[in-house]
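Below is one structure, written out as structure tokens; comments come after it.
Order of the sequence lines sets the chain letters (A, B, ...), proteins ahead of strands, with each chain counted from 1. Just so it is clear, the values below take in all heavy atoms, side chains as well, and ignore hydrogens, waters and symmetry mates.
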There are 2 protein chains.
Amino acid sequence: MRLTTKGRYAVTAMLDLAFHSQIKPVTLTEIATRQTISLSYLEQLFARLRRAGMVKGVRGPGGGYTLSQKTNEINIADIIAAVDEPIDSTKCGGEANCQKHQACLTHDLWVGLSEQIKDYLKSITLADLLEKHHVQEVAKRQDQNTQHIIELTRHTG
Amino acid sequence: MRLTTKGRYAVTAMLDLAFHSQIKPVTLTEIATRQTISLSYLEQLFARLRRAGMVKGVRGPGGGYTLSQKTNEINIADIIAAVDEPIDSTKCGGEANCQKHQACLTHDLWVGLSEQIKDYLKSITLADLLEKHHVQEVAKRQDQNTQHIIELTRHTG
DNA sequence: TACTTAACCAAGTGTAATAGTCAACTATTG
DNA sequence: CAATAGTTGACTATTACACTTGGTTAAGTA
């Protein structure tokens with residue numbers, strides 16, 4: 001799981017889409033203008049999002065893009081994964097050229113952390129963010145000292 | 001908060017350091033060899049980590065690097081922040097050129113998410129990861145499909 | 001004091017991803 | 001048919017990444 005500007009653009013655009021596509025499709029031109037992202041770059045991002053089945057394109061006048069799922073069914077991790085290149089964070093690629101035991105140990109730790117982040121982002125949907133915005137203002141005032149209990153499911157190979 | 005290979009290298013190297021610098025300083029050459037990272041690249045990363053006050057360099061024979069804090073005082077977010085370039089994720093830079101209200105709304109949402117991720121990574125320390133590894137080995141043997149409940153104390157600034 | 005070690009430092013390089021452009025094509029609407 | 005807007009591909013500039021080279025400085029050791 002990588003977090004780059006590209007992923008941020010994608011999430012931002014999807015949020016914009018979630019906001020505005022309630023009634024009719026939203027054109028990329030609108031999103032590009034609102035979010036100050038290059039239209040052609042957006043086209044590339046949405047090509048991937050479409051292939052991932054997250055948005056639907058409607059051609060012709062009055063067309064544009066709509067979400068192909070509900071906002072509470074689209075999570076952040078999937079959006080980012082859709083636009084990012086897949087990457088093997090291990091370098092040793094599992095076991096092949098990895099002779100050093102100590103090296104794999106720290107690799108394991110990172111992969112574990114990476115999975116945690118992924119799971120975390122998977123648990124956050126567009127709906128959460130949209131809803132959260134209202135709550136945020138309240139929470140900002142409360143400014144309380146919480147303890148996070150994070151539940152992690154381990155994927156066994 | 002960005003998540004790139006650079007940050008991964010930094011975290012990996014710090015984990016390696018945490019493992020091996022218990023008794024004596026660890027040379028970058030050792031880490032470079034173990035983690036198959038270029039020595040000079042490591043030097044650059046550690047220059048930043050040193051400036052951030054996370055590691056101490058010891059010159060001369062028998063020298064190397066040690067952690068300047070305890071493993072439970074060093075969190076992942078700080079490591080990543082130390083090596084990454086600072087980036088303004090807003091593009092509107094607060095308020096200056098941001099005329100569009102709708103744009104800032106989604107920006108807010110992203111910034112909020114970004115803060116969440118940061119807080120999350122702030123709550124995970126090197127000690128957590130090292131400790132987790134022991135648990136992992138046990139879990140691996142048991143080979144059961146368990147659900148880990150990991151309780152992380154959030155450090156408030 | 002000379003030598004070795006290893007941190008420290010600066011400048012440069014190749015590569016790949018990012019961010020964006022340009023141009024064409026297809027489907028839909030009116 | 002014309003306008004709209006998605007779809008696609010190729011191409012370019014910029015940048016960060018990952019790494020290299022070639023040093024200097026400080027601290028031990030012979």
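Between the NZ atom of A:Lys24 and the P atom of D:dT4 there is a distance of 15 Å, given to the nearest Å. The distance between atom CD of A:Gln35 and atom C1' of C:dA19, rounded to the nearest whole Å, is 16 Å. In this structure, B:Glu43 atom CD and C:dA7 atom P are separated by 7 Å, rounded to whole Å. Rounded to whole Å, the distance from CG on B:Leu49 to P on C:dC8 is 11 Å. Taking atom CZ of B:Arg2 as the reference point, atom P of D:dT15 lies 14 Å away to the nearest angstrom. Following rounding to the nearest Å, A:Leu42 (CG) and D:dT8 (P) show an atom-to-atom distance of 16 Å. For the pair B:Gln44 CD and C:dA11 P, the interatomic distance rounds to 13 Å; values are reported in whole Å. Across the protein-nucleic acid pair, A:Tyr9 atom OH and D:dT15 atom C1' stand 13 Å apart, rounded to whole Å.
Proximity note for B:Arg50 (side chain, C-beta onward) versus D:dC17, C:dT28, C:dC8: the nearest is C:dC8. For A:Ser38, whose side chain is taken as the heavy atoms from C-beta onward, the closest listed nucleotide among D:dT4, C:dG20, C:dT5 is C:dG20. In this structure, of D:dT4, D:dA18, C:dA7, it is C:dA7 that holds the atom nearest to the side chain of B:Leu28.
A donor-acceptor pair under 3.5 Å is absent between the side-chain atoms of A:Gln35 and the main chain of A:Ala32, judged by distance alone. Remark: the backbone N or O of A:Pro25 is not paired with any side-chain donor or acceptor of A:Thr66 at under 3.5 angstrom.
No contact: B:Leu39 has no heavy atom under 4.0 Å from any strand.
Other residues, nucleotides and ligands contribute only 12 or fewer heavy atoms inside 6.0 Å of the NZ atom of B:Lys70.
Phosphate proximity of C:dA17 to A:Thr4: absent, as no side-chain N or O sits under 4.0 Å from OP1 or OP2. Put simply, B:Tyr41 has no side-chain N or O that comes within less than 4.0 Å of OP1 or OP2 on D:dC19. In this model, the phosphate group of C:dT29 is not approached by any side-chain N or O of A:Arg59 to a distance below 4.0 Å at OP1 or OP2.
Residue whose closest nucleotide on DNA chain D sits further toward the 5' end, between A:Pro61 and A:Gly57: A:Pro61. The nearest heavy atom of DNA chain C to B:Tyr65 and to A:Lys6 marks one nucleotide each, and the one closer to the 5' end goes with B:Tyr65. Across the interface with DNA chain C, nearest-nucleotide mapping of B:Ser40 and B:Thr29 shows B:Thr29 to be the residue nearer the 5′ end. Comparing B:Gly60 and A:Ala47 by the nucleotide of DNA chain D that holds the closest heavy atom to each, the one mapping nearer the 5' end is A:Ala47.
At a threshold of 4.0 Å, the pair B:Lys6-B:Asp84 does not count as salt-bridged, since none of the basic side-chain nitrogens sits closer than that to a carboxylate oxygen.
Using bins of under 30°, 30° to 60° and over 60° for the plane-to-plane angle, the ring pair A:Phe46/A:Tyr65 lands in the tilted bin.
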